[in-house]
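Residue numbers begin at 1 in each chain, while the letters A, B, ... track the order of the sequences.
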Number of protein chains: 2
Amino acid sequence: MRERVTLRDVARLAAVSAKTVSRVVNDDAHVTPGTRARVQKAIAELGFQPNLVARSLRVGRADVVGLVVESLADPFFARLTSAVEQAAYERGLAVMVSSVGNQEPERESVIVESLLVRQVAGLIVAPMAQSHTYLAGPGRRTPIVFVDRLPEGLVSDAVLVDDLAAAETATRHLLDHGHRRVAFLGSELRNPTTRLRLAGYRRALAAHGLAGDESLVAVGAGTAAEAREAAELLLAAPQPPTAIFSSNMRCSLGLVPLLHGRGRTDVAVVSFDDFAMADSLVPAVTVLDHDPEVIGRAAAERLFRRLDEPDAPAETVMVPVGLVARGSGELRPPGHEGGDGHVPQDSLQDRVRHGAEGRASTMTTPHAQEGAR
Amino acid sequence: MRERVTLRDVARLAAVSAKTVSRVVNDDAHVTPGTRARVQKAIAELGFQPNLVARSLRVGRADVVGLVVESLADPFFARLTSAVEQAAYERGLAVMVSSVGNQEPERESVIVESLLVRQVAGLIVAPMAQSHTYLAGPGRRTPIVFVDRLPEGLVSDAVLVDDLAAAETATRHLLDHGHRRVAFLGSELRNPTTRLRLAGYRRALAAHGLAGDESLVAVGAGTAAEAREAAELLLAAPQPPTAIFSSNMRCSLGLVPLLHGRGRTDVAVVSFDDFAMADSLVPAVTVLDHDPEVIGRAAAERLFRRLDEPDAPAETVMVPVGLVARGSGELRPPGHEGGDGHVPQDSLQDRVRHGAEGRASTMTTPHAQEGAR
DNA sequence: AACCGCTTTGTCATCGATGTCAAGCCATCG
DNA sequence: CGATGGCTTGACATCGATGACAAAGCGGTT
C-alpha cells in the first residue's frame, strides 16, 4: 500500500524545498510561475493533500468551530446547527457539534473543555449551565459567541432573541382579543429563557391592570408528556383559562394534541416556537417564530468577525421575533362579542406578522436583558 | 496573560521528564505512585490540559468521527446525528458534521475529502453521490460506514433499512384494506432510496396481480410544495387514487396538509418516515417508522468495531422498519364493506406495529439489496 | 566592476505530544 | 559479591506543516 504523501514527497519530486511546496499550497505570491507549475504537477501526480492537523498544530488553532447545544434532536437546535454549518463551510471551516442533554447542565463545562482542547478556532454555545465563570481564566483565548441567552459571570459576544418582549407581545395579543384568564405553560424555571418569557407574560398582564393569578402559571414541564399533564390540570381547574401562552415547542407539542384530542379547540393558544403541522391544524396555531437559521447565521458571522478582530469590544446582536397569526391566537373568549372573530381558513395564505422585523440589530452594551432578572 | 501550559511546563514543575508526564496523562501503568502524585499535583496547579491536536499529529489520527448527511434541517438526519454524537461522546470522540445539500450531490466528494484531510478516525456517510469510486484508491485507509444506502463501486461497511421490503409492506397494507388504485408519491428517481421504495411498491402491486398504472406514480417532488402540487394532480385525474403511499417525509408534509385543507381525509395514506403531529391529526397518519436513533447508533457502533478491528471483512447491518397503524392507512375505499373500518380515536394508546422488530441484524454479504436495482 | 535592492528559494527550528530505545535503579539469586 | 532481570525514568527523534531568517539570483545604477 502506498504510504501517506507529504509535503516533502512533493518537494522531492518537484526538486524544490518543502517550504516552496507550502508556499504553492497556500497561494503565496512569491513563487515563480514556472516552479509553481512544476510543484502543482507534482502535487497532482502524487495526489497530495495537506495534513490539516499538522497545520493546526503549527499555527496554534484548528480551522474548526465548535458548537454546543442542548440537543440535536430538537428541531430548533438542528436548524441552528444547519445554519452554522453552512456559514462555516463557506469560510472553509469545519464544525464540531456536541450536545449537553437536558439532564445535567453541569456537563456543559465538560463539553466545552473537550472542544477547547481540540484547539477550535472559536465556539458557539447555547448556554445551559448556571454559571460561566469557568470560562473566565486568563489563559482562555478562544472566542465564544453565546446564543439564546447571555452567560453568567462573563462578558462575551452573544446573539439573543428578545424573549421578554416577544412573550409580552404574545400575551398582549391574547389580552387584546378579550381574554382575561391567560395561562402560562413553561419548562423548568432554572432555565433563564423560561424566566424571561414568564417575566414578559407578567409584564403584559400588569400593563392591562391584571394581577397575576399564580394558579394560571404552570412551569416545570420538561417534556411534552409533562406539559400535557400540566395542561390537563390547568383545564380541570375551577376557573380554567380561556387562553394559554405555551412558552416553548415541547410544551406546545404536549398542549396542542391534548386540546385537539379533547375537542377543546375553543381555547386560544399562542406558541413560542413554530413546529411542523402547526399551520395545518384547524384552527392553525398562532406562533412566535424566531428563526433558528437567522440566529445560527448571525452567531456564525459574529464569530467570524471576532476571529478577524480579536480585540474589539464584546457585542450583543438582537434577533427579532415575529408573531405569526394563524387562528388559534385570535380566538375570542366565550361570551365575547364584536371585533374580528375571523379565523383564517387557509392560514398559509394570509399570514400576518407583528413585532420587530427586518435585520438583526447590534449593540455593544452586553447586558441588554439584565434588568429582567 | 499567562502562556499556554504544555507538558514540558508540567514536567519542569514536577521535576520529571515530559515523557513521564505523558505517561501519567495516559494512565500508563509504569509510573510510581509517588511520582504520579507529584505530576498530578503539578497538572492541577498549572491547570494543564493536553493539546489534542498535537497528539493527533503524533498518532496519525484525530479522535474525531466525521458525519456526512444531506441536511441537518431534516429531522431524520438531525436525530441520526444526535444518536451518532451521543455514541461518539461515550467513546471520547468528537463529531464533525457536514451537510451536502440536495442541490449538488457531487459536492459529497468535496465534503468527504475536507473531513479526511482533518485526519478523522472514521466516517459515517449518508451517500448522495452517484459513484464512490473516488474513495477506492490505495492510500485510503480511513474506515467509512455508509448509512441508508450502499456505495456504488466500493465494498464497505453499511447500515441499511430494508427500503424495498418496507415499501412493499406499506403498499400491501393498503391493498389488504381493499384499495385497488394506490398511488406512489416520491422524490427524484436519481435517488436510489426512492428507486428501492418504488420497486417495493411495484412488487406489492404485482403480488396482488395488479399491473402498475404509471399515471399513479408521481415522482420528482423534491420539496413539500412540489409534493403538494404533484398530489393535486393525482387527485384531479379522471380516475383518482383511493390510497396514496407517500415515500418520504417531505412528500408527506406536502400531501397531508393538502388532504386536510381540501377535506379529502377519505383518501387512505401511509407515509414513509414519521413526522411531528402525524399522530394527532384525525385520522392520525399511518407511517413506516425507521428510527433514526437506531440507525445512527448502529452506524456508530459499526464504526467503532471497525476501528478496533481494521481488517475484518465488510459488514452490512440491516435495521428493521415497522409499520405504525394509526388510522389513515386503514381507511377503506369508497363502496367497500366489511372488515374493521375501525379508526382508533386516541391513537397514541393503541399503536399497532407490523413488520420486522427487535434488534438490527447483521450480514457479511455486502450487497444485500443489489438485486433490486 | 562594485553595489544596492528586490524577489525567489532554502535552511532550520518549532508547534506539543508520543514511540523507541537505553540508562539507571533496586531486588533477587547463584 | 557480581550478574541478571524487572521496573521506572529520561533522551531523542518524530509526526507534517509553517514562521523567521538567510542565501542566492537578478536587474539596474553609478
Side-chain angles (χ1 to χ4, degrees), chain A residues 2-40 42-43 46-64 92 116-121 139 141-142, chain B residues 2-40 42-43 46-64 92 116-121 139 141-142:
Chain A
R2 208 189 313 164
E3 287 304 306
R4 190 165 277 171
V5 181
T6 78
L7 214 60
R8 309 196 100 74
D9 300 321
V10 176
R12 203 171 308 127
L13 180 60
V16 295
S17 76
K19 181 74 228 205
T20 299
V21 179
S22 169
R23 290 198 179 95
V24 172
V25 169
N26 291 290
D27 274 328
D28 189 304
H30 301 293
V31 182
T32 302
T35 52
R36 178 182 301 274
R38 220 165 62 247
V39 170
Q40 279 167 337
I43 288 176
L46 296 176
F48 167 73
Q49 305 227 254
N51 181 328
L52 294 196
V53 168
R55 173 182 293 164
S56 296
L57 174 60
R58 184 65 243 241
V59 306
R61 69 185 44 211
D63 43 3
V64 173
L116 289 176
V117 296
R118 291 183 164 92
Q119 310 296 116
V120 295
R141 57 183 101 249
T142 310
Chain B
R2 209 189 313 162
E3 286 305 305
R4 192 167 276 175
V5 180
T6 78
L7 213 61
R8 307 198 103 72
D9 300 322
V10 177
R12 205 172 305 126
L13 180 59
V16 294
S17 75
K19 181 72 229 204
T20 298
V21 179
S22 170
R23 290 200 179 93
V24 171
V25 169
N26 291 290
D27 274 327
D28 189 303
H30 300 293
V31 181
T32 300
T35 52
R36 179 181 301 274
R38 223 164 62 246
V39 170
Q40 278 167 338
I43 288 176
L46 296 175
F48 167 73
Q49 305 230 256
N51 181 328
L52 294 195
V53 168
R55 172 183 295 164
S56 296
L57 174 60
R58 185 64 241 245
V59 306
R61 70 184 45 210
D63 43 4
V64 173
L116 289 177
V117 297
R118 290 183 166 92
Q119 311 295 115
V120 294
R141 57 183 101 252
T142 310

Say whether, by atom type as modelled, one donor and one acceptor occur between the side chain of A:T32 and the main chain of A:G34 under 3.5 angstrom.
-> no
Of B:V31 and B:L57, whose closest DNA chain D nucleotide lies nearer the 5' terminus?
-> B:V31
Presence of A:N51 side-chain N/O under 4.0 Å of D:dC15 phosphate oxygens OP1/OP2 = no
Going by modelled atom types, is there a donor-acceptor pair between the base of D:dT14 and the side chain of B:R58 at under 3.5 Å?
-> yes
Backbone N or O of B:D28 within a donor-acceptor pair of the B:N26 side chain at under 3.5 Å?
-> no
On DNA chain C, nearest-nucleotide positions of B:L7 versus A:P33: which is more 5'?
-> A:P33
Rounded to whole angstroms, how far apart are NE2 on B:H30 and P on C:dT20?
-> 14 Å
B:S17 side-chain N/O to D:dG10 phosphate OP1/OP2 under 4.0 Å | yes
Over how many whole Å does the gap from A:R12 atom CZ to C:dT9 atom P extend?
-> 20 Å
What about B:R23: does its side chain form a donor-acceptor pair under 3.5 Å with the base of D:dG10?
-> yes
Can any side-chain N or O of A:S22 pair as donor or acceptor with the backbone N or O of A:A18 at less than 3.5 Å?
-> no
Would you say a side-chain N or O of B:T20 is under 4.0 Å from OP1 or OP2 of D:dT9?
-> no
Proximal nucleotide (of D:dA11, D:dA20, D:dG16) relative to the A:K19 side chain | D:dA20
Closest to the side chain of A:R4, out of C:dG16, D:dG16, C:dT18, is D:dG16
For the side chain of B:V59, starting at C-beta, report the closest nucleotide among C:dG16, D:dT18, C:dT18.
-> C:dT18
Does B:T35 or A:V53 map to a spot on DNA chain D nearer the 5' end, using the closest nucleotide for each?
-> B:T35
Can you find a heavy atom in the side chain of B:D63 that is under 4.5 Å from one in the side chain of A:R118?
-> yes
Send over the distance from B:R118 CZ to D:dA17 C1', rounded to a whole Å.
-> 15 Å
May I ask you to verify if any side-chain N or O of B:S22 is less than 4.0 angstrom from the OP1 or OP2 atom of C:dT18?
-> yes
The nucleotide from C:dA17, D:dT9, D:dG16 with an atom nearest the side chain of B:T32 is D:dT9
